[in-house]
Amino acid sequence: MDLTKLRGQLDEIDEKIVSLYEARMAISSKVADYKIETGKKVLDREREEEKLRKVRSLTSDPFNALGVQELFEQIMSMSRKLQYRKLVEAGSLGRLPFIGVDKLETERARVVFQGAEGAYSHAAMLRYFGEQVKSFHVDTFRDAMCAIEEGSADFAVLPIENSTAGIVSEIYDLLVEFENYIVAEQILKIEHCLLGVPGADISQIRTVYSHPQSLMQSARYLNGHEDWRQVSLKNNAFAARKVSEEKDKTQAAIAGEQAAGTYGLEILQRGVNQSETNSTRFIIVTNQKIFRKDAGKISICLEVPHESGSLYHMLSHFIYNNLNMTKIESRPIEDRNWEYRFFIDFEGNFADGAVKNALRGLRDEARNLRILGNY
């Protein structure tokens, strides 16, 4: 057999496929015009299932049936995306229910954070809002979400991801539960310090208090002091406060520099965490559907049908619209075993046509799409 001749035959067939594909898309464009005039939905699941059954039946064996189904799923997906684009261009999609603002009103804002003064959340809040911010703290992340939902605070500062420990899963779940929205983010470099009472020396330390994660991140340093007892507390700032209140030179806390200043402690050793690149990303959340007009990142969450290829088809909306997806996380859906909710970050602004196009396609084809914010 002559491979060159076979490849030539394939080229001829491929040219016909391309020509037929363009002819099909031209008809899809006319279908979009009809749907714009009539207000009919783009996605017709029953029609697509019928089409897939028919093309499968035209094949000669089960292997080709699977291949043809995948091929036509892609062809119909591209047809839908063309129709969504035409709907956007015709202004038939309406506006997203978010108001663009030039800047966030932060000067007289009331801000809530979880933990206590001196915690990293406190430091992130001061970094973003400034030293003169009016703030208060609560015990739990849920309490912070409740505070902005009920209006006792205008913004909440919440940690959502650490570069070494990963995501804060509770925050993701709360973003789904509450009608609150991300409007900004603040990345804070994490440098754990060993803090003691004034006049204390490292040689005197016998007990170290901190959050379990901070103890873990400082394990290499702590392993060099095997005689120290490690005690986990709810928050680094609580650890610093305990050491400050008890004034015991044998006690130390692992916390940030902010905690040392807040509770009058001395920094006995800087950088006790082993990672020099450890950072935490904090989100600024409010109960208003607003976004800065210069925002460049969008966060959404969605559920997909529990069937083969469903996530792949959702992600294709980003590819077709040339949108750069920067992150995807999954969380189990409560009371639905082995089903997951996906959280996706991608670059873009609500004013962009490509973003509107992608969101419209996702809204029609995904389950329970939630837009979490543009920031």
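Positions are given from 1, in the same order as the sequence printed here.
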Validate the cation-pi geometry between Lys297 and Tyr375: distance from NZ or CZ to the six-membered ring centre under 6.0 Å, angle to the ring axis within 45°. no
State, with a plain yes or no, whether a side-chain heavy atom of [X] is found less than 4.5 Å away from one of [Y].
X      : Y      : answer
Leu302 : Val304 : yes
Phe282 : Ser121 : yes
Tyr320 : Asn357 : yes
Lys81  : Ser316 : yes
Trp228 : Leu222 : yes
Leu58  : Val68  : no
Ile187 : Thr280 : no
Phe155 : Val183 : yes

I'd like to know if [X] pairs up with [Y] as an ion pair, taking the criterion as any Lys NZ or Arg NE/NH1/NH2 lying under 4.0 Å from an Asp or Glu carboxylate oxygen.
X      : Y      : answer
Lys86  : Asp33  : yes
Glu246 : Lys242 : yes
Arg206 : Asp248 : no
Lys289 : Glu179 : no
Arg142 : Glu177 : yes
Arg360 : Asp364 : yes
Glu161 : Lys327 : yes

What pairs with Arg110 under salt bridge (charged side-chain N to carboxylate O under 4.0 Å, His left out), at least two apart in sequence or on another chain? Asp154
Above 12 or not: heavy atoms from other molecules or residues under 6.0 Å from [atom1] of [X]?
X      : atom1 : value
Asn322 : CG    : no
Glu257 : CD    : no
Glu150 : CD    : yes
Glu307 : CD    : yes
Ile99  : CD1   : no
Glu70  : CD    : no

Just grab all the ring-ring contact (aromatic ring centres under 6.0 Å, His included) pairs involving residues 291-314, residues at least two apart or on different chains. Phe291-Phe350
Atom pair CD/CE of Gln274 and Met216 - distance to nearest 0.5 Å: 8.5 Å
Rounded distance [0.5 Å steps], OH in Tyr340 versus OG in Ser330: 7.0 Å
Aromatic contact between Tyr120 and His211, with the criterion being ring centroids under 6.0 Å apart: yes or no? no
What residues form a side chain to side chain donor-acceptor pair (under 3.5 Å) with Arg220, not counting sequence neighbours? none
Could you check Phe343, Phe346, Phe342 and say which one makes a side chain to side chain contact (heavy atoms under 4.5 Å, CB included) with Ile328? Phe342
Under 3.5 Å donor-acceptor, Asp2 side chain and Thr4 backbone: yes
Report the C-alpha separation of Asp44 and Arg80 in whole Å, then their side-chain angles, then the decisive distance to 0.1 Å, and conclude whether the salt bridge (charged side-chain N to carboxylate O under 4.0 Å, His left out) test is met. CA-CA 10 Å; Asp44 186 340; Arg80 290 196 304 273; over 6 Å; no
Angle class for the His225/Tyr221 ring planes (parallel below 30°, perpendicular above 60°, tilted otherwise)? tilted
Could you walk me through whether Asp102 and Arg292 pass the salt bridge (charged side-chain N to carboxylate O under 4.0 Å, His left out) check? CA-CA 6 Å; Asp102 293 321; Arg292 281 182 50 146; over 6 Å; no
Are Leu175 and Tyr181 connected in a single hydrophobic cluster, I mean Ile/Leu/Val/Met/Phe/Trp/Tyr linked by side-chain heavy atoms less than 4.5 Å apart? no
